[in-house]
Amino acid sequence: MNNKLKSHLDNIFSPYTDLNNVKELKEELYSDLLERFDELKAAGMDDSTAFEQTINSIGEIDQTLQEIANLSRPKDKTLLTNFSAFDLKKSDLAGVMAHNGEFNASNLRDADFLGADLTGSSFKASDARGANFAGANLTRCVFKASDAKDANFKGANLTGCTFKVSDARNGNFDGANLTDCSFDTLDLTGASFNRAILVRTGFTKVAMKDAKFSDIALTDVNLIMSDIRKATFERCSFTGVDFKYSDLAGMSLEGQTFIGVKFDGAGLKDVSFRSATLRNVSFRSLFSVKNRCYKAIKTLCFDGAKIDKLTYALLKSYNAVLDNVRLLDKV
Amino acid sequence: MNINSDLIRGHIDTVILNLLADGDKYGYQISKIISSQTAGEYEINEATLYSSLKRLERDKAITSYWGDETQGGRRKYYKITEDGRKVLSQNKLDWEFAKKIISKLI
């Protein structure tokens, strides 16, 4: 059980391993949790319930860690701002402040920007493979023609950021703020977006094989002209999301909520909306290849779905299979 | 937790200073006292607890030192400073004042 607790903490603390005061907090937390666990056990609780309750007592620790990580670094540590064509491979740049920094054509392989403030910086044509941007402020940053494979953006602020014609395979965007961020002509294969903030985020012409989106409220997000087929969406809600011209063939969108979503001209063959909730969802085909769209609509699964009258009528007119669908009342 | 925890969370620094004014304590000890003194009606989670402790430490209202436990994990004890005591008595006065005003208004 000690090991299980340890590995849970290792996981939570993984972006912050280098910081001494965070390390100390981890040790404190570990002895606290161990004591709590032992007490719960002594009160007659079984191992797994006691473990779960112990873990739940931690609460939302990410923000606390971020605060503590920030405390440990002097805020006024301003760097030079032009790093273009520098070799910063494996450099420790945790907590630095470099507003509008230029990292164009720099070598940033495995560099550590943990919690750094890089607002407005440019990373054009840089090699940022394996770089760590966890908890960093990357507001309005630009990654263009850069290689950011395996980069870590966990909990980073990427508001208004631009990623264009870049390689972001296996990128970790868990818990990152991607408000108004734009991903254009990008490879996001294997990227992870667990609990990320996706508001007005744009994904255009993006490859998303094995990308994972979970526990996200997608709001006014565009997923346009992208190959989404092998991506997974779990426990997400989609409000005002536009899937125009994207390929979703074979996807499972089961049990999720779609409000004001547009699938116009999207590839929808064999998509499952089992037990999903759909309100004001549009399935219009924008091309003249209407027959193909009609055919695809028939392969959709709406088993156990809840659908509003308007969407229902629309789907019915396309001859969708709507047995076992429940109609939603008016809002 | 069945009471509005945000209201309480706004006073958590004062609560912790008040507990430390009675003697040095480690993290989990503080959370146990909070839940026992409120008969389990309020429970502080580790995130809230430590974000408050670290804030108080930064502001020099408390200091910390490692205990010498041999078994289990090491424990870090927190101690209120003179500055912390001043903050605490000011916060208590502020609270009494706010309580008086609020209860007249709602």
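The sequence lines fix the lettering, A, B, ..., with proteins before strands; numbering per chain opens at 1. All heavy atoms count here, side chains included; hydrogens, waters and symmetry mates do not.
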Check: Are the side chain of A/D32 and the backbone of B/Y28 linked by a donor-acceptor contact shorter than 3.5 Å?
Finding: yes
Next item on the list: Hey, could you give me the CD1/CG distance between A/I58 and B/L49, rounded to the nearest 0.5 Å?
Entry: 12.0 Å
Checklist line | Interface moiety of A/E39 toward chain B, non-hydrogen atoms closer than 4.5 Å | finding: side chain
With a cut-off of 3.5 Å and sequence neighbours excluded, list every side-chain donor-acceptor pair involving residues 60-67 of chain B.
| from | atom 1 | to | atom 2 | distance (Å) |
| --- | --- | --- | --- | --- |
| B/S64 | OG | B/E57 | OE2 | 2.6 |
| B/Y65 | OH | B/D24 | OD2 | 2.8 |

Notebook entry, point to check: Could you name the residues of residues 84-96 of chain B that have a heavy atom within less than 4.5 Å of a heavy atom in chain A?
Noted result: none
Checklist line | All salt bridge (Lys or Arg N to Asp or Glu O under 4.0 Å) counterparts of A/D62, not counting sequence neighbours | finding: none
Item checked: For B/N45 against A/E60, the heavy-atom pair lying closest together -> ND2-N, 4.5 Å
Notebook entry, point to check: Is atom NZ of B/K76 surrounded by more than 12 heavy atoms (other residues, nucleotides or ligands) closer than 6.0 Å?
Noted result: yes
Checklist line | B/S31 to A/R36 - nearest heavy-atom pair and separation | finding: OG-NH2, 3.6 Å
Next item on the list: Nearest 0.5 Å please: distance from the CD atom of B/E43 over to the CG atom of A/N56.
Entry: 11.5 Å
Notebook entry, point to check: Is the shortest side-chain N to carboxylate O distance from B/K32 to A/E35 below 4.0 Å?
Noted result: yes
Next item on the list: Under 4.5 Å, heavy atom to heavy atom: which of residues 97-106 of chain B reach chain A? Give them by number, or say none.
Entry: none
Next item on the list: Can you see which heavy atom on B/A47 is nearest to which on A/G59, and at what distance?
Entry: CB-C, 4.0 Å
Notebook entry, point to check: What do the steps show when you test A/T64 against B/K54 for side chain to side chain contact (heavy atoms under 4.5 Å, CB included), and what is the final call?
Noted result: CA-CA 9 Å; A/T64 311; B/K54 299 299 154 185; 5.7 Å; no
Margin query: Any heavy-atom pair between the side chains of B/R75 and A/E28 that's under 4.5 Å?
Written below: no
